Trainee: 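Pasting in a structure now, in structure tokens, and then I'll have a few things to ask.
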Protein chains: 2
Amino acid sequence: MDQDTTHSAVPGHRPTVSSVAAMAGVSRQTVSNALNNPERLQPETLKRVLAAIDDSGYVRSAAARQMRTARSSVLAYRLDPIRDGIGGIVLDTFLHTLSAQAEGQGYRVMLYTADSDEAELRQFAALTQTRAVDAFVLVDTHRDDQRYRWLSENGVPYAVFGRPWPGDEETDDDGAHAWIDIDGSAGTAAATAHLLELGHRNIGFIGYLHDGATGDDRRRGWEASMAGAGVPPRQRRALDSSQRDGILEGADAARRLLDAGATAFVCASDSLAVGALSAAGPEAAVVGFDDSPTAAALGLSSVRQPLEEAAGWALGSVLAQIDGAHSTSGTSRLLVPQLVVRASSRPLS
Amino acid sequence: MDQDTTHSAVPGHRPTVSSVAAMAGVSRQTVSNALNNPERLQPETLKRVLAAIDDSGYVRSAAARQMRTARSSVLAYRLDPIRDGIGGIVLDTFLHTLSAQAEGQGYRVMLYTADSDEAELRQFAALTQTRAVDAFVLVDTHRDDQRYRWLSENGVPYAVFGRPWPGDEETDDDGAHAWIDIDGSAGTAAATAHLLELGHRNIGFIGYLHDGATGDDRRRGWEASMAGAGVPPRQRRALDSSQRDGILEGADAARRLLDAGATAFVCASDSLAVGALSAAGPEAAVVGFDDSPTAAALGLSSVRQPLEEAAGWALGSVLAQIDGAHSTSGTSRLLVPQLVVRASSRPLS
DNA sequence: GGTAGGTTTTTGATTGATCAAATTCGGGGA
DNA sequence: TCCCCGAATTTGATCAATCAAAAACCTACC
């Protein structure tokens with residue numbers, strides 16, 4: 001069956017760089033160049049080789065390539081178990097976009113799991129030592145994060161979705177790392193301004209306490225807008241509330257704030273907003289955060305995070321690092337989210 | 001700097017099978033055997049080699065291994081963009097479990113995306129041709145699915161979460177493929193029986209139309225339980241409703257069915273159930289489907305899919321196929337979901 | 001003591017692509 | 001006409017592991 005191992009296309013065997021070369025009447029290196037350095041080939045040769053590649057259905061072996069180049073063209077992403085029903089979507093969208101965009105650049109995303117920081121560092125070691133992945137995309141930042149340091153020390157490219165925590169700079173020994181984040185403050189500020197324009201003045205803020213920073217950030221925008229509108233601190237304090245993230249918690253908070261005279265709510269998450277919406281009924285105006293499908297379904301105005309852009313940046317950042325430009329400090333960005341106005345943006349009656 | 005390329009442990013270079021061999025005073029093949037066929041080594045030699053592996057920190061190169069064995073120890077999973085806010089969680093949990101369990105078996109999960117069937121077949125070709133992945137785990141089945149055929153014809157192991165559609169058998173040329181699914185009918189039957197026990201008799205069904213089968217399946221369980229309880233067909237028809245999946249749709253349906261005399265609802269998804277809960281208020285009893293975090297947060301009784309088990313089966317199935325046992329027909333399973341009772345299971349007052 | 005038979009270990013070859021260096025090819029310029 | 005130089009292409013070696021087959025090593029039995 002395989003006694004005819006000559007250069008023509010052997011049915012059973014998958015095409016290799018050599019078989020394609022034979023088919024196009026060139027050497028294997030020329031085929032390799034056609035894929036990696038097309039400009040080195042004479043236009044005519046290039047065309048011929050590409051044609052041969054095309055109709056042999058050749059796909060180059062990632063393993064062989066990786067072996068020679070010490071590159072895998074794979075990015076690692078840690079998949080966490082689900083936490084919040086509605087908000088989990090955010091990272092889901094991020095991951096999908098990252099994966100889709102990576103494919104466009106010839107990269108793929110590989111998952112790993114870890115239930116502790118130490119476990120994650122072990123994964124780092126296993127994944128990088130064999131060069132199974134080229135870079136990491138981290139999304140769940142927390143205080144005293146060991147991961148940046150490990151990756152920096154081992155020279156592994158990585159990008160972070162989520163700004164560093166205050167006080168983390170010292171941990172990160174080789175200086176600041178590249179990160180991108182959503183300017184939650186700008187988002188809630190826009191939401192608050194929007195409600196102010198609709199005539200509301202007693203705008204309550206329903207925030208959450210998680211690890212801290214994200215919730216605080218979103219509060220800041222509301223606070224600033226309210227202060228800018230001349231609402232005195234005392235009143236602002238009465239309109240401010242914090243609790244765990246969740247639908248029920250949002251409903252409770254909304255009831256409390258309604259008693260305090262609120263006519264509209266800016267919420268730090270769609271979960272909270274859905275709760276507020278159900279508790280406050282059709283009278284009050286509500287704006288959520290994340291623009292989840294649930295928000296769209298319920299006609300809930302919400303602040304939309306530009307996740308596509310964030311994913312694109314993360315990809316671009318790690319690719320740049322992989323391609324040698326190791327000084328990516330200073331390229332960090334803060335993205336401004338967009339307010340999506342829907343039926344729940346009711347004017348003050 | 002690297003003029004000393006002899007066999008002893010060179011600091012800068014990562015350990016290879018040869019460097020470890022030199023360190024342990026054996027040949028490279030012996031090191032390979034220590035990892036892949038430990039029983040072939042003399043206990044004493046094995047111990048010495050393992051020690052060398054251990055303190056050199058050696059990890060074997062996935063690429064080199066893959067090249068020789070034509071195995072990658074990677075599973076492929078298609079990551080779709082999010083559709084429904086609440087229900088999307090189901091697959092998220094499935095994926096996380098799959099990934100975590102796979103790691104336990106030395107496998108990893110790689111993502112790919114595709115926005116059409118043709119695109120997915122192209123991905124199949126690209127991923128399998130280079131043996132970048134060993135198997136596929138498919139989750140979103142639909143009518144006239146070309147994927148089974150392609151994978152079967154090309155001898156690629158795969159497992160399916162979701163039963164084949166009626167009429168699909170002919171499409172799949174080499175006979176039935178292995179699949180696992182949740183017995184939605186059993187789930188809604190249990191939910192209905194539970195509500196009947198609480199004294200309800202006019203139990204409405206809020207179902208959805210998607211691609212068809214899943215929704216129908218879930219309706220069947222309700223229908224059977226109701227028929228078993230002696231509710232006449234005419235009345236059943238009045239208590240039955242179908243619409244698109246979503247919170248608002250669920251609320252609308254609940255209102256309609258309340259008018260028809262319903263005192264309790266069995267819903268085909270948590271989204272619908274959340275809607276029904278909001279529309280029907282605290283009087284009616286509601287049971288959802290999927291046991292999403294949202295259901296837990298709202299105190300919504302729901303039918304819990306045993307996703308861990310499904311993921312475990314899918315993994316076991318593809319691993320068995322990879323390890324040669326190509327006759328996996330007949331190993332398909334239908335898992336019985338569990339009813340989780342919460343506050344929304346109110347007795348008939 | 002020699003050798004058959006089994007176990008343990010080693011050597012040689014291979015996987016597919018790419019880097020580095022060598023070779024061929026063409027067009028000016030002397 | 002010959003030689004040199006740059007562009008285009010080819011050859012040789014290599015990446016790190018594993019398979020297949022050969023070699024070394026025992027043990028036991030005639």
Side-chain angles (χ1 to χ4, degrees), chain A residues 2 5 7 10 12-50 52-53 56-73 106 128-132, chain B residues 2 5 7 9-10 12-50 52-53 56-73 106 126 128-132:
Chain A
D2 57 12
T5 8
H7 40 289
V10 181
H13 297 1
R14 356 209 129 269
T16 70
V17 80
S18 298
S19 76
V20 171
M23 199 178 275
V26 297
S27 73
R28 48 186 213 292
Q29 182 62 35
T30 299
V31 175
S32 174
N33 284 334
L35 292 165
N36 302 313
N37 305 84
E39 76 284 358
R40 286 192 195 162
L41 298 198
Q42 217 157 11
E44 201 181 329
T45 316
L46 178 59
K47 215 173 68 180
R48 193 151 39 94
V49 174
L50 290 181
I53 287 176
S56 68
Y58 168 75
V59 184
R60 71 173 174 294
S61 155
R65 178 162 225 256
Q66 173 180 351
M67 203 151 148
R68 193 76 247 263
T69 62
R71 297 257 177 89
S72 61
S73 295
T128 55
Q129 203 145 144
T130 63
R131 304 224 189 260
Chain B
D2 56 13
T5 7
H7 42 287
V10 180
H13 298 358
R14 357 206 126 273
T16 70
V17 81
S18 298
S19 75
V20 172
M23 197 178 275
V26 296
S27 72
R28 50 188 210 292
Q29 183 61 38
T30 300
V31 176
S32 174
N33 284 335
L35 293 166
N36 302 311
N37 305 85
E39 77 281 359
R40 286 193 196 160
L41 298 196
Q42 218 156 9
E44 200 182 327
T45 316
L46 178 60
K47 212 173 71 181
R48 192 152 37 96
V49 173
L50 290 180
I53 286 176
S56 68
Y58 168 75
V59 183
R60 70 175 176 291
S61 153
R65 176 163 227 255
Q66 173 179 349
M67 202 154 147
R68 196 74 248 259
T69 62
R71 294 259 179 89
S72 58
S73 296
T128 56
Q129 203 146 143
T130 64
R131 306 222 187 262

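All of these numbers come straight from a predicted model, not from anything done at the bench.
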Trainee: If I take atom CG in residue A/N36 and atom C1' in nucleotide C/dA17, what distance separates them, rounded to the nearest angstrom?
Mentor: 9 Å
Trainee: Looking at A/T130 and B/A62, what are the two nearest heavy atoms and their distance?
Mentor: CB-N, 4.1 Å
Trainee: Could you grab the distance from atom CZ of A/R65 to atom OG of A/S72, nearest 0.5 Å is fine?
Mentor: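 Answer for the CZ-OG pair, A/R65 versus A/S72, is 10.5 Å.
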Trainee: Looking at the side chain of B/R68, which of C/dT18, D/dT10, D/dA17 is the nearest nucleotide?
Mentor: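 Comparing C/dT18, D/dT10, D/dA17 against the side chain of B/R68, the answer is D/dA17.
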Trainee: B/S18 side chain N/O closer than 4.0 Å to the phosphate oxygens (OP1, OP2) of D/dA17?
Mentor: no
Trainee: Reckon B/R65 has a side-chain N or O less than 4.0 Å from the OP1 or OP2 of D/dT18?
Mentor: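 So the side-chain polar atoms of B/R65 do come within 4.0 Å of the phosphate oxygens OP1 or OP2 of D/dT18, strictly under.
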Trainee: Where each residue is assigned the nucleotide of DNA chain C containing its nearest heavy atom, which of B/A64 and B/R40 is assigned the position nearer the 5′ end?
Mentor: B/R40
Trainee: For the side chain of B/R28 and the base of C/dG12, is some donor closer than 3.5 Å to an acceptor across the two?
Mentor: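 When only heavy-atom distances are counted, B/R28 does reach the base of C/dG12 through a donor-acceptor pair under 3.5 Å.
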Trainee: Round to the nearest Å and state the distance from A/N33 atom CG to D/dT11 atom P.
Mentor: 14 Å
Trainee: At 4.0 Å (heavy atoms only), tell me whether B/Q29 reaches a base, stays on the sugar-phosphate, or touches nothing.
Mentor: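 Base, at least one base atom sits under 4.0 Å.
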Trainee: Which atom pair, heavy atoms only, marks the closest approach of A/A52 to A/A24?
Mentor: CB-CB, 3.8 Å
Trainee: Would you indicate which nucleotide in D/dT18, D/dT10, C/dA17 comes nearest to any side-chain atom of B/T69?
Mentor: D/dT18
Trainee: What nucleic acid atoms does B/S61 come within less than 4.0 Å of, heavy atoms only: base, sugar-phosphate, or nothing?
Mentor: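 Sugar-phosphate contact only - B/S61 comes under 4.0 Å of backbone atoms but never of a base.
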Trainee: Is B/S32 close enough to D/dA17 that one of its side-chain N or O atoms is under 4.0 Å from OP1 or OP2 there?
Mentor: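 False: B/S32 side-chain N/O out of range (4.0 Å or more) of D/dA17 OP1/OP2.
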Trainee: Between C1' on D/dA17 and CG on B/N37, what's the gap in Å once rounded to a whole number?
Mentor: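 These atoms are roughly 13 Å apart.
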Trainee: Enter the distance from A/T30:OG1 to A/L46:CG here, rounded to the nearest 0.5 Å.
Mentor: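 Here the rounded value is 10.5 Å.
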Trainee: With sugar-phosphate meaning primed atoms plus P, OP1 and OP2, does A/V31 contact a base, only sugar-phosphate, or nothing at under 4.0 Å between heavy atoms?
Mentor: nothing
Trainee: For a quick test of reading the model: is some side-chain N or O of A/T30 closer than 4.0 Å to OP1 or OP2 of D/dT10?
Mentor: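 Yes.
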Trainee: Take the protein atom CZ of B/R48 and the nucleotide atom C1' of C/dT9, then report the distance between them rounded to whole Å.
Mentor: 11 Å
Trainee: So if I take every side-chain heavy atom of A/M67 and compare against D/dA16, C/dT18, D/dA17, which nucleotide ends up nearest?
Mentor: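 Minimum distance to the A/M67 side chain belongs to D/dA16.
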Trainee: Expressed in angstrom and rounded to an integer, what is the separation of B/R14 atom CZ from D/dC15 atom C1'?
Mentor: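 Atom-to-atom, B/R14 to D/dC15, this comes out as 14 Å.
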Trainee: Nearest of D/dT11, D/dT18, C/dG16 to any side-chain atom of A/T16?
Mentor: C/dG16
Trainee: Compare every heavy atom of A/Y58 with every heavy atom of A/T16, then report the nearest pair and how far apart it is.
Mentor: C-CE1, 3.6 Å
Trainee: B/L35 CG to D/dC19 C1': how many Å, rounded?
Mentor: 16 Å
Trainee: Nearest-Å distance, CD (A/Q42) to C1' (D/dT9)?
Mentor: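 Distance check: A/Q42 CD to D/dT9 C1' gives 10 Å.
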Trainee: Can you tell me if B/R60 touches the phosphate of D/dT18, counting only side-chain N or O atoms and a distance under 4.0 Å to OP1 or OP2?
Mentor: yes
Trainee: Checking side-chain contact (heavy atoms from CB on, under 4.5 Å) between A/I53 and each of A/V20, A/V17, A/V59, which is the one that passes?
Mentor: A/V20
Trainee: Once hydrogens and angles are ignored, does a donor-acceptor distance under 3.5 Å link the base of D/dC15 to the side chain of A/Q66?
Mentor: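 Absent.
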Trainee: Counting side-chain heavy atoms from C-beta on, which of D/dT9, D/dC19, C/dT10 comes nearest to A/L41?
Mentor: D/dT9
Trainee: Indicate, with a heavy-atom threshold strictly under 4.0 Å, whether B/T130 touches base, sugar-phosphate, or nothing.
Mentor: nothing
Trainee: Could you state the CZ-P distance from B/R131 to C/dG16, rounded to the nearest angstrom?
Mentor: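 Interatomic distance, CZ of B/R131 to P of C/dG16: 10 Å.
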Trainee: Taking the minimum atom-to-atom distance to the side chain of A/Y58, which one of D/dT18, C/dA17, C/dT11 wins?
Mentor: C/dA17
